Amino acid sequence: MATNAPEFKPFKLALIQLGQVTNDKAANLKHAREMIRKAVAGEGVGAQSRPGLVVLPECFNSPYGIKSFPIHAEEIGFKRGEKYDISGSKSDSVKMLSSAAKEEGIWLLGGSIPERDTSDNKLYNTATVYSPQGDLVAIHRKVHLFDIDIPGKITFKESETLTGGNSFNYFDTGPLLPHLRPHATDSARIGLGICYDVRFPEQAMVAARQGAQVCIYPGAFNTTTGPLHWELLARARALDNEVYFALCSPARDLSADYHAWGHSMIVDPMGVKLIEAGAEETIVHASIDPQKFREARTGIPVTVQRRFDVYPDVSKGF
Ligand SMILES: NC(=O)CCC(=O)C(=O)O
């Protein structure tokens, strides 16, 4: 298991709780690009200085719904080498995200998009991550599909059109704001998941055990399960792994078929909520502080007190 986690320095994280997501893909991308600019300019709540890492929500380029996924799915169009080569990508979403990261000089977790993989003819719910140079550095396909049935409240079956991914993923940021700190060598390790993935503690645990200091899950809970579980899950995943944990939702749109919960939030490694959005479109910012991370782990040292002589280490084998 890779535990050679990088040293990380304090940085600012911004979550864009994006609104106005419609069937007009070009308009969605234009609006998302404008919100990225606003996040970098410090608009929203809690900004103290320029964010090094900016996040969009689940399904930021299309309405969230099983009928919309096939209509709006895009092929990422990468060649897998040592890096992902997206020079031939025809995806408008990938092109926008890559150029936005480069133009703004930020790390950008581009929420998720419905992805079409022509090699297996399947659709995935996929997050992509870009460096300040505009390179695609990580891809995460939602592992656990959102198939639930709460009679009279909500029935949703992502598996009618999507397929679950089959890998756990994290990425190392490298220096944040490299144009301001050209000789910096620090880096943060970020564990990735998408929405329903948060209900499966093993996924965040594996990332944390592989050295992630922060986990970020774009997600779109709904108005039934959101009030019950959204905050509880974010705080639980933060505390049980002693990591920063962020959930980034779309804004609620009552004219859409799916009513997202909103309430994007960032929780610290002690399980304390640092910032939370309401239901409307906004941007929330918080500081990610290595000192707090170390203090949590030193004060309550569960990460080194596990009893694998009593129960198995389920994070082994990845
Ligand atoms: N987009 C999703 O995966 C929704 C998950 C959700 O609402 C839940 O309750 O879990």
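Atoms within a ligand are numbered from 1 in the order they appear, just like the ligands themselves. Nothing here was measured: the structure is a model prediction, and the numbers come from that model.
Pro290 is not listed as a side-chain neighbour of Gln213, based on a closest heavy-atom distance of 4.5 Å or more.
Leu232 belongs to no multi-residue hydrophobic cluster, having no ILVMFWY side-chain contact under 4.5 Å with any other such residue. The hydrophobic cluster around Val272 extends to Met270, Ile300, Val302, counting ILVMFWY residues whose side-chain heavy atoms fall within less than 4.5 Å of a member.
Cation-pi geometry between Arg141 and Tyr124 is satisfied (NZ or CZ under 6.0 Å from the ring centre, within 45° of the ring normal).
In this structure, ligand 1 sits under 4.0 Å from heavy atoms belonging to Glu58, Tyr64, Lys142, Phe146, Cys195, Tyr196, Arg199, Ala220, Phe221, Asn222, Thr225, Tyr258.
Lys292 meets the salt bridge (charged side-chain N to carboxylate O under 4.0 Å, His left out) test with Asp268; sequence neighbours excluded.
Rounding to the nearest 0.5 Å gives a distance of 12.0 Å between CD1 of Ile194 and NE2 of His144.
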